[in-house]
Visitor: 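Take a look at this one; I'll ask things after.
Below, all heavy atoms of this structure are taken into account, side chains as well, without hydrogens, waters or symmetry copies. Note on naming: letters A, B, ... go to the chains in the order of the sequence lines (proteins, then strands), and numbering restarts at 1 for each one.
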Number of protein chains: 2
Amino acid sequence: MAREQNPGGIDLLILQLLSEKEMYGYEMVTELAKRSQSVFRLKEGTLYPLLHRLEKEGAVSAYEEKVEGRVRRYYRITRRGRGKLREQREAWVRYAGAVNAVLCAAG
Amino acid sequence: MAREQNPGGIDLLILQLLSEKEMYGYEMVTELAKRSQSVFRLKEGTLYPLLHRLEKEGAVSAYEEKVEGRVRRYYRITRRGRGKLREQREAWVRYAGAVNAVLCAAG
DNA sequence: TACTATACATAGATTCTCTAGGCATGTCAA
DNA sequence: TTGACATGCCTAGAGAATCTATGTATAGTA
């Protein structure tokens with residue numbers, strides 16, 4: 001099905017944020033909550049494994065920095081990540097359009 | 001997260017179809033493909049277990065009918081199913097709006 | 001001192017959808 | 001009459017995505 005690539009999933013959201021600027025995990029959680037008016041309230045148990053996977057896939061790269069006594073792990077999107085973002089954005093548009101077509105076919 | 005109820009999942013699509021008229025499984029597969037211009041090409045291995053689950057949940061009811069030598073299992077939506085459809089439609093609108101808010105925040 | 005916010009992480013479970021099969025009938029062409 | 005294809009239902013097992021629950025540690029605040 002069209003659901004194979006999980007359109008509109010968290011990968012898309014994270015890659016979108018990172019396409020705008022470098023961010024660290026905790027920041028992504030708060031930023032997503034803000035932009036979505038709390039529709040997205042990502043759990044850390046969801047986010048961190050996901051970031052590690054994206055890094056392994058080569059879609060993002062990371063570096064650590066000490067800020068205010070805390071070590072933060074900043075992520076930036078790679079060239080490959082931008083390609084993935086483009087694909088996922090297209091998949092989302094296609095998928096959302098198809099759902100709406102089913103919902104609205106009857107008027 | 002907002003993904004808890006799997007917004008825009010197959011439950012929503014099936015309940016929408018059944019809210020319009022009674023249908024049998026195979027018919028749903030072809031109808032969804034048609035409406036979505038083949039974005040949705042549901043596998044039987046996905047659909048039938050899902051219908052059985054919806055029946056167990058009381059969201060749909062079923063009866064069998066012999067048509068052209070074949071036994072077809074027709075499904076109709078129940079009152080409870082209509083409630084579920086309403087909820088899932090709202091969840092989808094909320095979710096899709098949130099994704100678009102994240103994608104478009106930067107312009 | 002205790003609570004909250006910040007900041008990272010892993011383990012295990014659940015849920016959804018998929019792949020890959022099986023069974024049976026009717027129609028049409030070779 | 002044999003084979004292919006569409007119709008029509010089904011189950012078992014696997015994979016992927018996300019969740020719950022938990023652990024660690026620092027800084028600020030009541």
Side-chain angles (χ1 to χ4, degrees), chain A residues 1-15 22-34 39-57 59-60 62-75 84 88 91-92 95 98-99, chain B residues 1-15 22-34 39-57 59-60 62-75 84 88 91-92 95 98-99:
Chain A
M1 257 247 310
R3 213 78 209 226
E4 279 146 10
Q5 292 159 305
N6 192 28
I10 300 178
D11 283 23
L12 168 64
L13 304 175
I14 296 303
L15 290 173
E22 298 179 5
M23 292 179 88
Y24 55 97
Y26 199 82
E27 193 182 6
M28 299 177 204
V29 173
T30 55
E31 179 66 17
L32 281 180
K34 185 180 143 209
V39 172
F40 299 129
R41 293 199 295 200
L42 219 49
K43 302 305 151 56
E44 287 127 308
T46 302
L47 180 64
Y48 291 111
L50 183 150
L51 287 172
H52 300 161
R53 177 174 53 74
L54 286 178
E55 193 178 2
K56 217 191 292 183
E57 287 173 15
V60 305
Y63 63 93
E64 295 192 343
E65 204 172 302
K66 189 150 193 164
V67 182
E68 293 161 22
R70 272 182 263 275
V71 174
R72 281 184 189 161
R73 203 169 155 75
Y74 279 90
Y75 290 87
K84 188 179 164 108
Q88 295 217 341
W92 163 251
Y95 185 83
V99 172
Chain B
M1 257 247 308
R3 212 84 162 119
E4 280 147 8
Q5 293 160 303
N6 192 27
I10 299 180
D11 282 24
L12 168 63
L13 304 175
I14 295 302
L15 290 173
E22 299 180 4
M23 291 179 90
Y24 55 97
Y26 199 82
E27 193 182 6
M28 299 178 204
V29 173
T30 55
E31 179 66 18
L32 281 180
K34 185 180 142 207
V39 171
F40 299 129
R41 293 199 295 199
L42 219 50
K43 302 304 151 59
E44 286 128 310
T46 302
L47 180 63
Y48 291 110
L50 184 152
L51 287 172
H52 301 161
R53 179 175 51 75
L54 286 178
E55 193 178 1
K56 217 191 293 184
E57 288 172 15
V60 304
Y63 63 92
E64 294 190 345
E65 204 172 302
K66 189 148 191 165
V67 181
E68 293 161 21
R70 273 181 262 274
V71 174
R72 283 183 188 158
R73 203 169 155 75
Y74 279 90
Y75 290 87
K84 187 177 166 112
Q88 295 218 341
W92 163 251
Y95 185 83
V99 171

Visitor: Quickly work out the Phe40(B) CZ to dT17(C) P distance and round it to whole Å.
Guide: 10 Å
Visitor: At their closest point, which heavy atom of Met23(A) faces which heavy atom of Met28(A), and how far apart are they?
Guide: O-CE, 3.5 Å
Visitor: Do the side-chain N or O atoms of His52(B) get closer than 4.0 angstrom to the phosphate oxygens (OP1, OP2) of dT11(D)?
Guide: yes
Visitor: Report the distance from atom CD of Glu57(A) to atom C1' of dA17(D), rounded to the nearest whole Å.
Guide: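 That distance rounds to 13 Å.
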Visitor: Over how many whole Å does the gap from Tyr48(A) atom OH to dA7(C) atom P extend?
Guide: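 About 8 Å, once rounded to whole Å.
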Visitor: Evaluate the side-chain proximity of Val39(A) to Val99(B): yes if any heavy-atom separation is below 4.5 Å, no if none is.
Guide: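 The answer is no, as the side chains (C-beta and beyond) never meet within the 4.5 Å cut-off.
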Visitor: Does Lys43(B) place a side-chain N or O at less than 4.0 Å from the phosphate oxygens OP1/OP2 of dT19(C)?
Guide: yes
Visitor: Phosphate oxygens OP1/OP2 of dT14(C): is one of them under 4.0 Å from a side-chain N or O of Asn6(B)?
Guide: no
Visitor: Salt bridge between Arg72(B) and Glu27(B), side-chain N to carboxylate O under 4.0 Å?
Guide: no
Visitor: Starting at the 5' end of nucleotides 21-30 of chain D, put B wherever the base has a protein heavy atom under 4.0 Å, S where only the sugar-phosphate does, and a dash everywhere else.
Guide: B----BS---
Visitor: Of the non-hydrogen atoms in Gly25(A) and Leu47(A), which two are nearest, and what is the gap between them?
Guide: O-CD2, 3.2 Å
Visitor: Expressed as a whole number of angstroms, how long is the span from Lys56(B):NZ to dC10(D):C1'?
Guide: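 Those two atoms, NZ and C1', are 15 Å apart.
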Visitor: What is the distance, to the nearest angstrom, from the CD atom on Glu55(B) to the C1' atom on dC10(D)?
Guide: 14 Å
Visitor: Does any part of the side chain of Arg73(B), heavy atoms only, come nearer than 4.5 Å to the side chain of Glu55(B), both counted from C-beta?
Guide: yes
Visitor: On the nucleotide dC10(D), are OP1 or OP2 found under 4.0 Å from the side-chain N or O atoms that Arg73(B) carries?
Guide: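 For Arg73(B), the contact criterion (side-chain N or O under 4.0 Å from OP1 or OP2 of dC10(D)) is met.
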Visitor: Closest-nucleotide mapping onto DNA chain D: is Tyr75(B) or Leu50(A) further toward the 5' terminus? I mean the 5' end.
Guide: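 Result of the comparison: Tyr75(B).
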Visitor: Tell me: CG of Leu47(B) to P of dA20(C), nearest whole Å?
Guide: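 Going from CG in Leu47(B) over to P in dA20(C) covers 19 Å.
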Visitor: How long is the line joining CD of Gln88(B) and C1' of dT15(C), in whole Å?
Guide: 13 Å
Visitor: Does the separation of the ring centres of Tyr95(A) and Phe40(B) fall below 6.0 angstrom?
Guide: yes
Visitor: Of Tyr74(A), Tyr75(A), Tyr24(A), which meets ring-ring contact (aromatic ring centres under 6.0 Å, His included) against Tyr63(A)?
Guide: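 Testing Tyr63(A) for a ring-ring contact (aromatic ring centres under 6.0 Å, His included) against Tyr74(A), Tyr75(A), Tyr24(A) leaves exactly one candidate, Tyr74(A).
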Visitor: For dA6(D) and Tyr26(B) - does any side-chain N or O of the residue sit under 4.0 Å from the phosphate oxygens OP1/OP2?
Guide: no
Visitor: Could you tell me how far apart Leu51(B) (CG) and dT17(C) (P) are, to the nearest whole angstrom?
Guide: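 Distance check: Leu51(B) CG to dT17(C) P gives 12 Å.
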